[in-house]
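In what follows, a structure is listed as structure tokens, so that the remarks can point back to it.
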Amino acid sequence: MPKISALIITLNEAKNIGFVIENLSFADEIIVVDSFSEDETVLIANSYPNVKVFQHPFEDFTKQRNFALSKANYEWILFLDADERVTTPLREEIVSTINQENTEDAYYFYRKFMFKNEPLHFSGWQTDKNIRLFKKKKSKYTEDRLVHEVLKVEGSVSSLKNKLIHYSYHSFKSYKQKMVNYAHLKAKELHNKGVKPNAFHYVIKPLYKFLHAYILRMGILDGRKGFIICYLNALSVYKRYPILKEISKK
């Protein structure tokens with residue numbers, strides 16, 4: 001029987017960690033890599049006997065994910081964020097898929113974005129997908145991406161049918177802070193690529209980000225929720241360039 005290593009990286013996820021660990025109870029091992037949380041994340045994770053907890057300094061998401069991969073013992077990796085949940089149909093599809101005689105080397109999960117406890121149907125999220133299930137020996141996160149990391153798979157890739165639930169938005173304040181944190185990492189990534197900010201980056205890129213999601217990707221149909229998400233995602237694009245300018249000066 002193929003075995004699954006479930007991996008989670010955390011920072012101050014006390015509100016989520018117990019739920020995601022219990023959600024992953026079907027995995028053969030659960031590994032939590034924590035970047036020195038200041039809340040009770042580690043205490044809660046350690047209270048589960050089937051969980052191994054490692055603390056590792058955070059540099060960027062790619063390095064943190066690759067460190068977690070290095071701790072996995074089994075062939076199949078199921079990588080979840082602390083705010084993601086596997087539904088019962090998706091769990092059954094995962095188990096059925098890896099037990100097939102012929103499998104792909106990695107699988108995309110489509111995600112349903114939750115605004116608090118209500119689904120967001122548009123705003124650019126309707127086709128959102130990430131590789132969450134893959135064979136360890138065939139995959140590694142690419143070093144050139146520090147945020148919105150990319151998994152490089154040496155082999156075949158397909159998609160599962162059932163959606164992963166993504167409880168990303170809890171409050172305006174917390175989601176805004178997440179977007180600002182992403183902006184810092186993206187600015188560092190752009191600096192490493194030699195990008196120099198100009199008027200196009202400050203004005204056109206964030207404006208395009210908002211209009212593309214709100215108009216072309218029909219965020220307007222999500223009402224107030226859609227406006228908030230499209231605005232905050234555009235804000236993240238805007239914030240990265242003043243940060244990039246400061247990094248470049250140094």
Side-chain angles (χ1 to χ4, degrees), residues 9 11 13 16 60-62 65 79-85 87 90 107-132 141-142 144-151 157 159-193 195-245:
I9 59 174
L11 174 63
E13 290 287 357
N16 279 316
D60 57 64
F61 285 101
T62 293
R65 286 185 183 273
F79 219 133
L80 288 196
D81 291 341
D83 60 2
E84 294 175 332
R85 304 289 181 269
T87 64
L90 179 55
Y107 293 90
Y108 280 102
F109 288 7
Y110 285 94
R111 298 193 296 179
K112 181 181 289 294
F113 186 101
M114 302 297 288
F115 186 100
K116 295 184 178 178
N117 291 315
E118 297 180 5
L120 206 67
H121 299 292
F122 302 102
S123 305
W125 291 96
Q126 54 267 53
T127 54
D128 177 49
K129 64 180 182 179
N130 293 96
I131 295 176
R132 288 290 188 248
Y141 290 94
T142 57
D144 61 326
R145 295 289 292 270
L146 307 185
V147 64
H148 304 308
E149 53 281 5
V150 174
L151 185 73
V157 182
S159 300
L160 296 188
K161 295 179 181 179
N162 292 285
K163 288 190 174 183
L164 186 69
I165 307 300
H166 188 200
Y167 290 97
S168 186
Y169 187 98
H170 298 284
S171 69
F172 184 91
K173 182 179 179 180
S174 65
Y175 194 83
K176 180 180 179 181
Q177 186 58 54
K178 182 187 293 187
M179 293 300 99
V180 172
N181 292 342
Y182 286 172
H184 278 271
L185 287 169
K186 190 65 179 180
K188 183 179 177 182
E189 180 183 308
L190 292 172
H191 175 72
N192 293 341
K193 293 178 179 178
V195 175
K196 303 296 182 183
N198 55 46
F200 171 80
H201 298 112
Y202 286 109
V203 179
I204 302 302
K205 283 187 72 73
L207 181 61
Y208 175 80
K209 178 71 173 180
F210 176 79
L211 293 176
H212 182 262
Y214 193 62
I215 304 299
L216 297 180
R217 301 288 284 162
M218 299 182 290
I220 192 171
L221 298 181
D222 282 319
R224 180 174 175 270
K225 301 190 298 292
F227 180 85
I228 291 172
I229 289 299
C230 294
Y231 164 74
L232 290 176
N233 288 340
L235 180 68
S236 181
V237 174
Y238 170 76
K239 288 284 189 181
R240 70 181 62 157
Y241 296 105
I243 298 168
L244 173 59
K245 186 177 181 180

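Computed from a prediction, not measured in an experiment: that's the story for all the values here.
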[X] side, atom [atom1]; [Y] side, atom [atom2] - distance, nearest 0.5 Å:
| X | Y | atom1 | atom2 | answer |
| --- | --- | --- | --- | --- |
| M179 | L232 | CE | CG | 7.5 Å |
| K188 | K186 | NZ | NZ | 14.0 Å |
| D128 | L164 | CG | CG | 9.5 Å |
| K176 | S236 | NZ | OG | 12.0 Å |
| I220 | I215 | CD1 | CD1 | 5.0 Å |
| H170 | N117 | NE2 | CG | 9.0 Å |

Quiz item: So, N130 side chain and R132 main chain: donor-acceptor pair closer than 3.5 Å or not?
Solution: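 No, N130 side chain to R132 backbone: no donor-acceptor pair under 3.5 Å.
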
Quiz item: Between E84 (side chain) and A82 (backbone), is there a donor-acceptor pair under 3.5 Å?
Solution: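 Side chain of E84 to backbone of A82, a donor-acceptor pair under 3.5 Å: no, none is there.
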
Quiz item: By salt bridge (Lys or Arg N to Asp or Glu O under 4.0 Å), which residues pair with R85, not counting sequence neighbours?
Solution: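 Checked R85 against salt bridge (Lys or Arg N to Asp or Glu O under 4.0 Å); zero matches.
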
Practice problem: With sequence neighbours left out, write down each residue that passes salt bridge (Lys or Arg N to Asp or Glu O under 4.0 Å) with K178, or none if nothing qualifies. | Solution: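 With sequence neighbours excluded, K178 shows a salt bridge (Lys or Arg N to Asp or Glu O under 4.0 Å) to D83, given in chain and number order.
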
Taking all heavy atoms of [X] and all of [Y], pick out the closest pair and write down the distance.
| X | Y | answer |
| --- | --- | --- |
| C230 | S123 | SG-CB, 4.0 Å |
| A183 | K239 | CB-CB, 3.8 Å |
| L120 | F115 | CD1-CB, 4.4 Å |
| L244 | A187 | CD1-O, 3.5 Å |
| H148 | R145 | O-NH2, 3.0 Å |

Quiz item: Residues in ring pair (Phe, Tyr, Trp, His ring centres under 6.0 Å) with H184, at least two apart?
Solution: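 Once residues adjacent in sequence are excluded, H184 has no partner under the ring pair (Phe, Tyr, Trp, His ring centres under 6.0 Å) criterion.
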
Self-check item: Exceeds 12 heavy-atom contacts within 6.0 angstrom, atom NZ of K193
Solution: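 Yes - once you tally the heavy atoms of other residues, nucleotides and ligands closer than 6.0 Å, there are more than 12.
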
Quiz item: More than 12 heavy atoms of other residues, nucleotides or ligands under 6.0 Å from NZ of K245: is that the case?
Solution: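 12 or below, so no.
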
Quiz item: Tell me the side chain to side chain donor-acceptor pair (under 3.5 Å) pairs involving residues 201-220, sequence neighbours left out?
Solution: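 Residue pairs passing side chain to side chain donor-acceptor pair (under 3.5 Å), neighbours aside: T127-R217, N198-H201.
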
Quiz item: Stepwise, does the side-chain contact (heavy atoms from CB on, under 4.5 Å) test hold for F210 with Y238?
Solution: CA-CA 10 Å; F210 176 79; Y238 170 76; over 6 Å; no

Self-check item: Any W125 side-chain heavy atom under 4.5 Å of I229 side chain
Solution: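 Sidechains of I229 and W125: in contact.
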
Exercise. For residues F109 and K129, determine if any side-chain heavy atom of one lies less than 4.5 Å from a side-chain heavy atom of the other.
Key: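 They are not in contact (no side-chain heavy atoms under 4.5 Å apart), so the answer is no.
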
Exercise. Run the salt-bridge test on R65 and D81 with the 4.0 Å N-O cut-off and return the result as yes or no.
Key: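 Salt bridge flag = yes for D81 with R65.
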
Exercise. Applying side-chain contact (heavy atoms from CB on, under 4.5 Å), run through F79 and I131 and close with a yes or a no.
Key: CA-CA 8 Å; F79 219 133; I131 295 176; over 6 Å; no

Self-check item: Any residue meeting side-chain contact (heavy atoms from CB on, under 4.5 Å) with F61, in chain and number order, not counting sequence neighbours
Solution: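 By the side-chain contact (heavy atoms from CB on, under 4.5 Å) rule, F61 matches I9, F58, V147, E149, Y182, L185.
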
Exercise. For Y175, check side-chain hydrogen bond (donor to acceptor under 3.5 Å, both in side chains) against everything at least two apart and list the hits.
Key: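 With sequence neighbours excluded, Y175 shows a side-chain hydrogen bond (donor to acceptor under 3.5 Å, both in side chains) to N233, given in chain and number order.
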
Self-check item: Close aromatic pair by centroid cut-off 6.0 Å: F122 and F113
Solution: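 When the ring centroids of F122 and F113 are compared, they turn out to be at least 6.0 Å apart.
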
Exercise. Test side-chain contact (heavy atoms from CB on, under 4.5 Å) on M114 and I165 and set out the steps.
Key: CA-CA 7 Å; M114 302 297 288; I165 307 300; 3.5 Å; yes

